[in-house]
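One structure is given below, encoded as C-alpha cells.
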Protein chains: 2
Amino acid sequence: MKRLASLLLLGLFCLSTNAQQALWSGASVVSPEIHEDNSVTFRLRAPKAVKVQVTGDFLPTQSISVGNGMTYDAPGVADLVEKEGVWEYTSAPLASELYSYSFVVDGLTMRDPSNIYQIRDVSSITNVFIIKGNPGDLYNVQDVPHGTVARRWYSSPTIGYDRRITIYTPHGYETSKKSYPVLYLLHGAGGDEEAWISLGRTAQILDNLIAEGKAEPMLVVMPNGNANQKSAPGEDERGLLPAGNPFAGGNRAPQQPQFQPKSSYELAFPDIVKFIESNYRVIKKKSARAIAGLSMGGGHSLNISKEFPDLFDYIGLYSAATITYNMGDRDNNPIYQNVEEKLKVQFAKHPKLYWIAIGKTDFLYTANVEYRKLLDDKGYKYEYFENEGGHIWKNWRIYLSMFAPMLFQK
Amino acid sequence: MKRLASLLLLGLFCLSTNAQQALWSGASVVSPEIHEDNSVTFRLRAPKAVKVQVTGDFLPTQSISVGNGMTYDAPGVADLVEKEGVWEYTSAPLASELYSYSFVVDGLTMRDPSNIYQIRDVSSITNVFIIKGNPGDLYNVQDVPHGTVARRWYSSPTIGYDRRITIYTPHGYETSKKSYPVLYLLHGAGGDEEAWISLGRTAQILDNLIAEGKAEPMLVVMPNGNANQKSAPGEDERGLLPAGNPFAGGNRAPQQPQFQPKSSYELAFPDIVKFIESNYRVIKKKSARAIAGLSMGGGHSLNISKEFPDLFDYIGLYSAATITYNMGDRDNNPIYQNVEEKLKVQFAKHPKLYWIAIGKTDFLYTANVEYRKLLDDKGYKYEYFENEGGHIWKNWRIYLSMFAPMLFQK
C-alpha cells in the first residue's frame, strides 16, 4: 500500500501538463550556484549551442553608443565554457546585492531555466539572485514578522475611472488599534503599481527595517503613475496585450488602446490620499504623510508636494526628473506653471524633510544640480545624498532603505 | 524645450539597466498574435537558430512513455518556419481557453521574449495567452468591479510556525457592513499559496461570476498545503533557493531545508479557519463555509471535511487524490484512520453539497470510481461531474467556475 501511495504521488507530478518538465527535461543543472566566497557559477545545459553568454549587472557595465553622441550603460557580458553539453561560467566574488541576469544563446536572450526567480522591468524579464550581507540581507525575506501586501482597486473620480494600487500594511496592522503613518512611493517611466513591490523589494526592506527597529511601522502605498492606464499590463480589461513601451514607437503592435484620463496624475493625487485615509487606519496629518519616487516618480513627488503644500511633511526625490519643474505649459498641465511661486509656498511651510538622492553617473545628474541650485539660491532647506552609479534599481533600493528610517520620527 | 523634454523622457528609458532591451534588442516581433478567427501566430527572431519549435497545450497532446508501462500526456510540438531571421508558426483556430506555451530552440526550452505573461507551475515557467469567448472571458480581467488580493501571514500554532496565505476579498468587502461566506481553496502536490491565484485565475473567475450575479460575493482563502513549508519559493527566510521538486530526487541541489511541522496540514486546518474568522468579517457557520481542492488538495478537502464534520457544508473534490481515504496508518496521521466511520458521521450531518469532478483521462479516474462506489454503497449523497481531459489546470479552472455558483445559495 505504501508503494502504491508513492507511485500515485509520483503520478500527481508526472501527469500534470507542465510540472513534468522539471522531472523529464534535461534542465536539471544547478544555476546560479552561490559559493562560500560569493562567487557565482551559472550553468546551462545546451548541447547544440555554439556560443553561450551570460549578461547582467553583476558584470562591469559597458558603455554603448546609440548615435547622436548618446551612450547608455549596458550590463556586461561573459562567455560560458562548454563541457559535455553543460555550459558554465563562474564570476568573481560579488559584493552583497540583488543582481539580475540573462543567458544569451547564439545571440538569443533567454532566461535561466534552472532559476524560477524573475523580475519584470517594463517589458523585459530577467532572472535575479541575491548575495547575502549588506544590503542583500535587507532585500531577502528574513525570519521576522511580515506585513501584508494587497493588490486593490480604488476609485479616482478626478481621472475618471477605477485604478489598481498596491498597498503594504506593516505586521500587526490588522490586529492593533493604533493608527499608522503613510509613505506614498512612486515608480518611474514605464513602471506601474508592481514596480516598487517587485524590483524595489519594498515589502522585504520595510519588514526588515521595522523588525530591527530602524523604521517606524508605516503603510507604503504604491499607485500606478500613468494616468492613461488603469493597471499594470494584463490586470485590466484590455487583457493580456503586449506590455509595450510607450517610447518604443510602433514596433510593439497590436495597438494598446489607452484610457482617456480627465486629469493629470499629479492633480488627481488627492484621490489616492482620500482613498487611503477613508479605508485604512492611518494618521491624517501632514506629519504622518511622506511622498517619494524614482525618476519620473521623483518628478511627480516634487510636483505633487508643491501643488498640495499641506499634504506631505517628508519628500524624497530619487534620481528625480527635476527637469519637469520648468517645463512651462507642458500638456497644459497647471502643475508645470508658476513653479517657483509654489515652491516658495511649500518651503515657507517648512517640510520636515526634503531629501534629494542621485548617483554620480545618472543622466539626470545635471538636472538635479540645476534644481539644487534653485533651492540653494532661495535658501530652501533640503538634504542631499550622492553615491556611485546611475539610473538603476540598485540605487533606488538603497535610497528607500535610507529614506524610510528618516520618516515619522517623534 | 519640448524637444529637450522628449529627449530626456527617452533617456529615462534608455538608461534604465534593463528597460533598454525592449528598445535596442531585436526582439521586437509580435508574438503571440491572435487573429480574428482565433488562430494564433507565434514569432521568434532567431537568425542563428537551426530549428525552432513551439510546444504548448494549444496543440494536440502526445503520449510519452516513461518506462514501467507508465505514460504521460505531454503538450504537442510544432515547427516554426524561418524567413529573414524571424521564425513563425500559425496554429489552427483555437477554442476559447487560457493556453500555455514555450519555444524550443535547437532543443532548448525558452520563453517567448515578446510575451511578458507567464505562469509558474511548480518549477516550470511558461508563457500564456487567452482566447476570448467561453470560458476564456471568465479568465480575463473584465470591466467589472474587482476584489482585493492580499498576501498575508498567519500564525499556525498547531503546525508550529507562521505561514503565508493568499486571500481574495470580493469587491465591496472593505466598505460594506455585511458578513461574507468563505471558500477555502486548496492546491495540489508541488503547488503553494500562489497556485490558485495565478494558474487558477481565481480572482478573475470570482470577479466575473459575482459581477454577473452568478456567484454570491465570498472570500476565497488559498493556503499553502505543504506542512513542511512556510510559503511559496522565495517568500520565506530560506531566500531565493531553487524551487525544487520534492519528487525529483537529488538533482535540484543545493539542499532545500524543510521546516519541521508539529502536525499534519489536515489536522492543523482549524488554525486557518480560526485566523480567517477572527480577522475578517465573515459568517461563522457551517452553511457559510466551503472547502475544495484539486488533486492532493482534493484529498485534503475530503479528509479535512470528514475530520471536522461540523465545519463545512460545501465540499468540492476536483481530480481528487481520493486514494488517501484508505491509506491506513500513512505517516501515523490520524486523518487516515477510521475513515469510513468518520465519513458516516460527516454524511449523517447532511452536507449541502458534496461535489466530485474529474476528467475521463485523469490518472486518478479509477481511484475516483472506487471512492464513488464507496459513497454509493453507503447511500451517501453527492453530485458528480465528468468531462474530457486529464489532470490539468484547464479542468480545475472549469471546476471552480462550476462550483462557485453552487455555493451559499439561500
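Numbered from 1 within each chain, the chains take letters A, B, ... in sequence-line order. On a predicted model such as this, the values are computed, not experimentally measured, just so you know.
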Is it the side chain or the backbone of [X] that comes within 4.5 Å of chain B heavy atoms, both, or neither?
X       : answer
V105(A) : side chain
D106(A) : both
I119(A) : neither
L108(A) : side chain
T175(A) : side chain
K132(A) : neither

Work out which heavy atom in [X] is nearest to a heavy atom in [Y]; give both atom names and the distance.
X       : Y       : value
L240(B) : V128(A) : CD1-CG2, 4.1 Å
G239(A) : N140(B) : CA-OD1, 3.6 Å
I116(A) : P233(B) : CD1-CB, 3.6 Å
Q142(A) : E237(B) : C-CB, 3.7 Å

May I ask you to test the R151(A)-R151(B) pair for a side-chain heavy-atom distance under 4.5 Å?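 A side-chain contact under 4.5 Å exists here.
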Find out whether T109(B) and P113(A) are in side-chain contact, i.e. whether some heavy atom of one side chain is under 4.5 Å from a heavy atom of the other. no
Yes or no on salt bridge (Lys or Arg N to Asp or Glu O under 4.0 Å) for R238(A) and D143(B), after CA distance, side-chain angles and deciding distance? CA-CA 9 Å; R238(A) 292 171 302 173; D143(B) 191 8; over 6 Å; no
Which of the residues G390(B), A46(B), G234(B) is involved in the greatest number of heavy-atom pairs with chain A at under 4.5 angstrom?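 The answer is G234(B).
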Closest-packed option against chain A by number of heavy-atom pairs under 4.5 Å, given K48(B), M110(B), E174(B):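 The option with the most such pairs is E174(B).
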Could you go step by step and tell me if I125(A) and R111(B) meet the side-chain contact (heavy atoms from CB on, under 4.5 Å) rule? CA-CA 10 Å; I125(A) 298 176; R111(B) 76 174 200 93; 3.7 Å; yes
Counting heavy-atom pairs closer than 4.5 Å to chain B, which one of V141(A), V50(A), T166(A) comes out on top?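 Answer, by heavy-atom pair count under 4.5 Å with chain B: V141(A).
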Which of H171(A), E235(A), R152(A), R164(A) touches chain B most, by non-hydrogen pairs under 4.5 Å: R152(A)
Check Y161(A), W153(A), Y154(A) against H146(B) for a ring pair (Phe, Tyr, Trp, His ring centres under 6.0 Å) and give me the one that passes. W153(A)
